[in-house]
Amino acid sequence: MENSQSQSRNKKKRLTQEQLRQLEKCFTVNKKLEPDLKIQLSNKLGLPQRQVAVWFQNKRARSKTQSLELQHCALQSKLEAALSDKAKLEHQVEFLQDELKRSRNQLALFTNHDSPVCNSYLGSCEERHAHDDEVVVFDELYACFVSNGHGSSSTSWV
């Protein structure tokens, strides 16, 4: 006899669609179940108070899990966007390093000319580069290049 009592106690009573709808509706307004509301819902739905309380507890746990999953998805997409941005920036850095290398090669060609105008520009650029470790100012180089007549239509300045 004791075995049949434990079986009936363990057997869960399934909620009807209307009971679920009422519980869900109540949950949207009240995430926590106050004692008065628990009694009211229990009487209205014809369910034991304990079952109503457990349903609310389980629903809060499921809601928390769903919220964490949504946060995880949002963070995952932000991570993917950041990794994509990082890859683009790394590509840009490579491109700019190549440009800098080409510009330094051009600068090396200019330093072989003995033009006073060009040398004054180059001297100030070299001093700035030596002291502050800055990138050469290309507008000044271009001005030096153009003023000395070294520019040609085949040279492209990007």
Side-chain angles (χ1 to χ4, degrees), residues 12-38 40-41 45 47 50-158:
K12 290 184 177 181
K13 180 181 173 190
R14 292 284 174 196
L15 300 174
T16 66
Q17 290 297 322
E18 180 58 25
Q19 289 170 327
L20 278 174
R21 192 181 67 72
Q22 290 291 325
L23 288 168
E24 292 281 353
K25 183 179 175 182
C26 189
F27 185 79
T28 58
V29 178
N30 305 299
K31 304 292 184 219
K32 297 274 183 165
L33 187 62
E34 300 295 328
D36 291 342
L37 182 59
K38 178 171 57 173
Q40 182 185 354
L41 277 173
L45 301 174
L47 298 171
R50 179 78 184 132
Q51 188 174 5
V52 172
V54 168
W55 185 91
F56 265 78
Q57 184 178 5
N58 291 340
K59 181 66 174 176
R60 279 193 305 274
R62 284 190 303 273
S63 292
K64 184 176 181 181
T65 301
Q66 287 172 342
S67 174
L68 289 173
E69 286 173 357
L70 289 174
Q71 288 175 357
H72 173 76
C73 288
L75 287 173
Q76 188 70 32
S77 64
K78 285 182 181 180
L79 172 63
E80 289 169 6
L83 290 174
S84 174
D85 289 346
K86 178 183 180 261
K88 288 176 187 174
L89 290 172
E90 286 172 343
H91 180 71
Q92 286 178 342
V93 165
E94 273 184 44
F95 175 78
L96 291 172
Q97 284 174 338
D98 290 342
E99 286 291 310
L100 180 59
K101 207 179 281 184
R102 281 192 291 276
S103 298
R104 285 186 175 155
N105 288 340
Q106 289 290 326
L107 177 62
L109 292 174
F110 291 138
T111 58
N112 293 334
H113 298 285
D114 287 330
S115 166
V117 174
C118 188
N119 286 337
S120 69
Y121 277 114
L122 292 174
S124 67
C125 289
E126 288 169 353
E127 287 172 19
R128 194 175 322 137
H129 181 68
H131 294 296
D132 299 329
D133 199 34
E134 291 183 16
V135 176
V136 174
V137 178
F138 295 108
D139 288 342
E140 293 177 2
L141 287 175
Y142 181 72
C144 173
F145 183 73
V146 170
S147 69
N148 287 315
H150 296 294
S152 69
S153 60
S154 65
T155 306
S156 80
W157 293 86
V158 178

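All values derive from a computational prediction rather than experimental measurement. Just the heavy atoms: all of them, side chains too, but no hydrogens, waters or symmetry mates, feed the values below.
Note that NZ of Lys78 is 13.0 Å distant from CG of Asp85, once rounded to the nearest 0.5 Å. For the atom pair CG (Leu75) and CG (Leu70), the distance works out to 11.0 Å, reported to the nearest 0.5 Å. Summarising the geometry, atom NZ belonging to Lys88 is positioned 14.0 Å from atom NZ belonging to Lys86; distances are rounded to the nearest 0.5 Å. We find the CD-CG distance between Gln40 and Leu45 to be 9.5 Å, quoted to the nearest 0.5 Å. Distance check: Leu100 CG to Asp98 CG gives 9.5 Å after rounding to the nearest 0.5 Å. Atom CG of Leu68 and atom SG of Cys73 lie 11.0 Å apart (nearest 0.5 Å).
The neighbour count for Arg50 CZ, taken as heavy atoms of other residues, nucleotides or ligands under 6.0 Å away, does not exceed 12.
In this structure Leu15 satisfies the side-chain contact (heavy atoms from CB on, under 4.5 Å) test together with Gln19, Leu20, Leu23, Leu47, Gln51, Trp55, sequence neighbours excluded.
A donor-acceptor pair under 3.5 Å is absent between the side-chain atoms of Ser67 and the main chain of Ser63, judged by distance alone.
Within the structure, the salt bridge (Lys or Arg N to Asp or Glu O under 4.0 Å) test picks out the following pairs touching residues 16-34 (sequence neighbours left out): Glu18-Arg21, Glu24-Lys59.
Closest non-hydrogen pair, Ala53 versus Leu33, comes out as CA-CD2, 3.7 Å.
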Using side-chain contact (heavy atoms from CB on, under 4.5 Å), reason through Phe56 and Lys38 one step at a time and then give a plain yes or no. CA-CA 10 Å; Phe56 265 78; Lys38 178 171 57 173; over 6 Å; no
